[in-house]
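These values consider heavy atoms only, across backbone and side chains, with no hydrogens, waters or symmetry-generated copies.
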Amino acid sequence: VQRPLTVWVSQDGVESARFGIRVLERPRLEGLQIRITPPSYTGIPPFNLPQNIGDVRVPERSVLSLTVGTAGAPIAQGMLTTTSGDTLPLRLQGASGTLQWQPEASTEYSISLASTEGVASPQGVQYAVTTIADRAPQVEIRRPEQDASLSEQRTAQLAYRVVDDYAIDRAELLFHISERRFGVPAQ
């Protein structure tokens, strides 16, 4: 049924009351835009995904700002629902909705809409968010290769390598003198 109509039953000259059938339009998701704001420690500036791309890989602790466009019936409610159990409401304004979301772990999500008449949108597309863990920095002391003795000037040559998946802000060396051959260290 595409348009309103009136129905009744008639038999042997007797007619029932007339009933009107209204056709209610479903709301539809017409567009999806995601802006990703990675954590500042990554050094990655915020960026937008191409229109209608909902599957994402993001550093953990990233913030996703979603904007959805709708068509069809006027929207009364919109929700983002994850397979991990989160339900987040969209902030609605006219035919669009927005929300900010910081996924705690990898999950799948979908967006559902409901019209002002209470009609739900068709089953939405399932999207995936994959969070990328921040690995701990790796530190390698290259020289000295094993325990070292200090010269009389109390110096030793050090060589090291520090690697991180995003950036190194600073590195600090802490050491312990296990033997004092030249007296008590100066303060």
Side-chain angles (χ1 to χ4, degrees), residues 29-70 78-93 96-112 123-187:
L29 186 63
E30 282 287 309
L32 174 64
Q33 180 66 61
I34 300 177
R35 181 167 183 80
I36 298 172
T37 305
S40 61
Y41 70 82
T42 65
I44 302 171
F47 62 95
N48 292 329
L49 292 178
Q51 185 79 17
N52 296 322
I53 300 296
D55 292 328
V56 298
R57 286 180 46 88
V58 296
E60 61 186 2
R61 295 187 295 282
S62 292
V63 175
L64 280 60
S65 300
L66 285 77
T67 301
V68 298
T70 66
M79 296 294 234
L80 179 144
T81 305
T82 70
T83 54
S84 55
D86 296 325
T87 302
L88 304 166
L90 293 170
R91 286 183 296 280
L92 301 174
Q93 185 169 356
S96 68
T98 60
L99 72 82
Q100 285 198 332
W101 173 38
Q102 187 175 29
E104 294 179 14
S106 296
T107 190
E108 294 182 346
Y109 70 96
S110 61
I111 297 169
S112 60
Q123 177 64 31
V125 175
Q126 193 86 0
Y127 298 106
V129 172
T130 304
T131 56
I132 304 165
D134 181 17
R135 293 186 311 268
Q138 298 176 356
V139 179
E140 177 185 359
I141 304 292
R142 294 183 168 181
R143 194 175 40 203
E145 292 180 13
Q146 48 189 307
D147 289 346
S149 296
L150 297 178
S151 68
E152 288 190 30
Q153 291 81 26
R154 296 185 185 159
T155 62
Q157 292 290 320
L158 293 176
Y160 59 91
R161 180 174 173 257
V162 181
V163 178
D164 188 58
D165 48 355
Y166 294 108
I168 300 294
D169 183 34
R170 74 178 202 279
E172 198 174 303
L173 174 65
L174 301 175
F175 62 93
H176 172 73
I177 299 174
S178 62
E179 182 180 333
R180 294 189 178 125
R181 292 189 332 200
F182 301 107
V184 177
Q187 296 297 327

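- Here the closest heavy-atom approach between residue T87 and residue M79 is recorded as CG2-CE, 3.5 Å.
- Listed by chain and residue number, T82, T107 satisfy the side-chain hydrogen bond (donor to acceptor under 3.5 Å, both in side chains) test with S84 (two or more places apart in sequence, or in another chain).
- Nearest approach of R57 to I132, heavy atoms of both residues: NH2-CD1, 3.6 Å.
- For L49, the side chain to side chain contact (heavy atoms under 4.5 Å, CB included) partners are I34, I36, F47, I53, V56, not counting sequence neighbours.
- Among residues two or more places apart in sequence or in another chain, the ring pair (Phe, Tyr, Trp, His ring centres under 6.0 Å) test is passed with Y41 by Y166.
- For L92, the side chain to side chain contact (heavy atoms under 4.5 Å, CB included) test picks out I75, L90, with sequence neighbours left out.
- Residue pairs meeting the salt bridge (Lys or Arg N to Asp or Glu O under 4.0 Å) criterion with at least one partner in residues 159-168, sequence neighbours excluded, are E140-R161.
- With hydrogens and angles ignored, the 3.5 Å screen pairs a side-chain donor or acceptor of N52 with a backbone N or O of L32.
- No donor-acceptor pair closer than 3.5 Å links the side chain of T130 to the backbone N or O of S106.
- Among pairs with a residue in residues 39-49, none fulfils salt bridge (Lys or Arg N to Asp or Glu O under 4.0 Å), at least two apart in sequence or across chains.
- Here salt bridge (Lys or Arg N to Asp or Glu O under 4.0 Å) pairs that include residues 29-49, with residues two or more places apart or in two chains, are R28-E30.
- Across all non-hydrogen atoms, the minimal contact from P137 to I168 is CB-CD1, 4.1 Å.
- Residues satisfying the side chain to side chain contact (heavy atoms under 4.5 Å, CB included) criterion with A159, sequence neighbours excluded, are R142, R143.
- In terms of heavy-atom proximity, P103 sits nearest to V129 at CG-CG1, 3.8 Å.
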Could you walk me through whether T42 and R61 pass the side-chain contact (heavy atoms from CB on, under 4.5 Å) check?
CA-CA 10 Å; T42 65; R61 295 187 295 282; over 6 Å; no
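- Of the residues I111, T98, L88, the one that meets the side-chain contact (heavy atoms from CB on, under 4.5 Å) test with L66 is I111.
- Contact record, P38 with P59: CB-CG, 4.3 Å, taken as the closest heavy-atom pair.
- Crowding of Q51 atom CD: a count of heavy atoms from other residues, nucleotides or ligands under 6.0 Å exceeding 12.
- Every residue two or more places apart in sequence or in another chain was checked for a side chain to side chain contact (heavy atoms under 4.5 Å, CB included) with A105, and none qualifies.
- Residues passing the side-chain hydrogen bond (donor to acceptor under 3.5 Å, both in side chains) test with Q102: none are found, sequence neighbours excluded.
- Nearest heavy atom pair, residue V125 against residue S110, reads O-CB, 3.5 Å.
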